[in-house]
Undergrad: 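First the structure, which I've put down as structure tokens, then a few questions once you've had a look.
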Amino acid sequence: MTRLVLLLTVLTGMLMLILPPAGQAHTTSRDYHHTGTNHSLLLKEAFIQDSRQAIRLHYNREYEASREQLQSWRTRYPAHPLWRMMESLELWWPVLIDLENTSYDNAFVVASKELIDYCNTLLDDDGSHLDARIVRSITYGQLARYYSNRDRWYRSFRNARRALRDFFTIEEDHPDIPDLNFGIGMYRYFAAFLLDEYPLARPIGWMLPRGDRQEGLQQLKMAADHSIFMEAEATFFLGHIYLHFEREPDRALTYLSSLYIDYPENTYFRRLYIRSLFLLERFNETETIIEEALDHWHDVHSHEISVLREELYTVLGQIAFLREDFDDAAGHFVHAVREAEALRPFAERRNLITSLYFLGEISIIRGNREEARYFYSRAATPEIDHPHRARAAEALELYRLK
């Protein structure tokens, strides 16, 4: 998808926020009187505190402890939609941890859609069911993120639109619910970012609901500090925005390091922090944290840890290569290849291609043309968009290895 096509898709999605779905009148929380708030657990301070702790345990991948934290509430309120949301979030992690592997997608999507159907049923019975609307909005948001990761932009924006409709509806009667700051902050930041960075969008900017980058960031910070469910997500996106959009890497690392510290068992957050340190060429810190991770999980054998090791050895190899320590670099890249070869999709993994390319480079430096041909050829074979695949193909031509 070209940048222009992607931009037009973004604009279409944003315009859809203004219009109600086909065949559906636009409604607000003024249409729903407060009968549903009487049975809302998310307005009970004791439940909020227990839920916040359960979510933190969940993000630290302590699922059993997370469930135990809320077990007394689940016994008293077995029909509450939160329990199903927690189950669907457990299915989200295998997808997020290894985005190149699609074998976990279906279970997550099916569970998410079933959860939305359940929330719809609760809302059909009682349109003011606050908790069902909150859970539905979060689930729509997770689906939007999933579809964007799969480059399925139309589905992503459809789900983002539905999530935001719920957020804005809830805000009218319950503006103090801290999780609202996440969805509305994300919208306001990116609505303004789009108009600031893409001149093509400006002529229709008057048609879009108001955006403001600083206001969006402020709302995300409030979500990171006070949310029940979205604390970690808001912290993650603040790090991502400051690193990639605002170009303030030191501020970005403040948020990314807090995820690394607060959720030590979450390999995804650890990989994200390591990747960011490497990107900023803070190599000594990168190596220290990688060695800690490899030592921490040295005797663990699972899909998740193989994904972790694949990436960490690839990063270590690149650091050693940049320092011209080619023997260490080759050793790290060989480890990365071994981990990657046990994962799916075979031969197409991005860290595998990077490692194979650099092994080809090291072989050229050592004067071993046959070995270089082998590594470059493997790196250049997959039909995917990857810079090291392109460089490997160029190297085969440059060194006349075909």
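As a basis for the values below, the full set of heavy atoms in this structure was taken, side chains included, without hydrogen atoms, waters or symmetry mates.
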Undergrad: Spell out, as yes or no, whether a donor-acceptor pair under 3.5 Å connects the side chain of Arg84 to the backbone of Tyr118.
TA: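 Not confirmed, Arg84 side chain does not pair with Tyr118 backbone.
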
Undergrad: Could you check whether the rings of Tyr263 and Phe269 sit parallel, tilted or perpendicular, using 30° and 60° as the cut-offs?
TA: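 The arrangement is tilted - the two ring planes meet at 30° to 60°.
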
Undergrad: Using a 3.5 Å distance criterion without hydrogens, assess whether the side chain of Arg270 forms a donor-acceptor pair with backbone atoms of Ile261.
TA: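 A pair under 3.5 Å: no.
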
Undergrad: Where does the angle between the aromatic ring planes of His335 and Tyr313 fall among parallel (under 30°), tilted (30 to 60°) and perpendicular (over 60°)?
TA: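 Answer is parallel, since the angle falls under 30°.
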
Undergrad: Using atom types as modelled and distance alone, determine if a side-chain donor or acceptor of Asp179 lies under 3.5 Å from a backbone N or O of Met230.
TA: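 Answer holds: yes.
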
Undergrad: I'd like to know if the side chain of Arg247 reaches the main chain of Tyr242, judged simply by a donor and an acceptor atom lying under 3.5 Å from each other, with no hydrogens or angles considered.
TA: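 Pair absent, no side-chain N/O of Arg247 close to backbone of Tyr242.
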
Undergrad: Does His174 reach the main-chain N or O of Ile177 with its side chain, forming a donor-acceptor pair under 3.5 Å?
TA: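 No: the side chain of His174 does not pair with the backbone of Ile177.
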
Undergrad: Do NZ/NE/NH1/NH2 and the carboxylate oxygens of Arg188 and Glu215 come within less than 4.0 Å?
TA: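 Looking at Glu215 together with Arg188, the answer is yes, because their closest N to O distance falls below 4.0 Å.
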
Undergrad: Quick one: do the Glu265 and Asn60 side chains pair a donor with an acceptor below 3.5 Å?
TA: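 The criterion, which ignores hydrogens and geometry beyond distance, is not satisfied for Asn60 and Glu265.
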
Undergrad: On the 0 to 90° scale, with breaks at 30° and 60°, tag the Tyr59-Trp93 ring pair as parallel, tilted or perpendicular.
TA: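 Rings of Tyr59 and Trp93: perpendicular, as their planes differ by over 60°.
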
Undergrad: Check whether the side chains of Tyr260 and Asn266 place a donor and an acceptor atom closer than 3.5 Å, and report yes or no.
TA: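 No pair is found: no donor N or O on one side chain lies under 3.5 Å from an acceptor on the other.
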
Undergrad: Any idea how Tyr399 and Tyr376 line up, ring-wise: parallel (<30°), tilted (30 to 60°), or perpendicular (>60°)?
TA: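 Judged by the thresholds at 30° and 60°, the geometry between Tyr399 and Tyr376 is parallel.
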
Undergrad: Is the closest basic N to carboxylate O distance between Arg373 and Glu370 below 4.0 Å?
TA: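 Salt bridge flag = yes for Glu370 with Arg373.
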
Undergrad: Asp131 side chain to Ser40 main-chain N or O, any donor-acceptor pair under 3.5 Å?
TA: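 Judged by distance alone, no pair lies under 3.5 Å.
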
Undergrad: Would you kindly say whether Gln218 and Gln214 are connected by a side-chain donor-acceptor distance under 3.5 Å?
TA: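 Side chains of Gln218 and Gln214: no pair found under 3.5 Å.
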
Undergrad: Is there a donor-acceptor pair closer than 3.5 Å between any side-chain N or O of Ser156 and the backbone N or O of Ala144?
TA: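 Checked: pair present.
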
Undergrad: How about CZ on Arg344, more than 12 heavy atoms from neighbouring residues, nucleotides or ligands closer than 6.0 Å, or not?
TA: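 Result for CZ/Arg344: open.
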
Undergrad: Taking 4.0 angstrom as the limit, do Asp98 and Arg349 come out as a salt bridge?
TA: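 Salt bridge: yes.
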
Undergrad: Can a side-chain donor-acceptor contact be found between Arg61 and Tyr63 if the only test is distance below 3.5 angstrom?
TA: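 Result is yes, a qualifying pair exists.
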
Undergrad: Looking at Arg389 and Thr354, would you say the former's side chain and the latter's main chain have a donor-acceptor pair under 3.5 Å?
TA: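 Pair absent, no side-chain N/O of Arg389 close to backbone of Thr354.
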
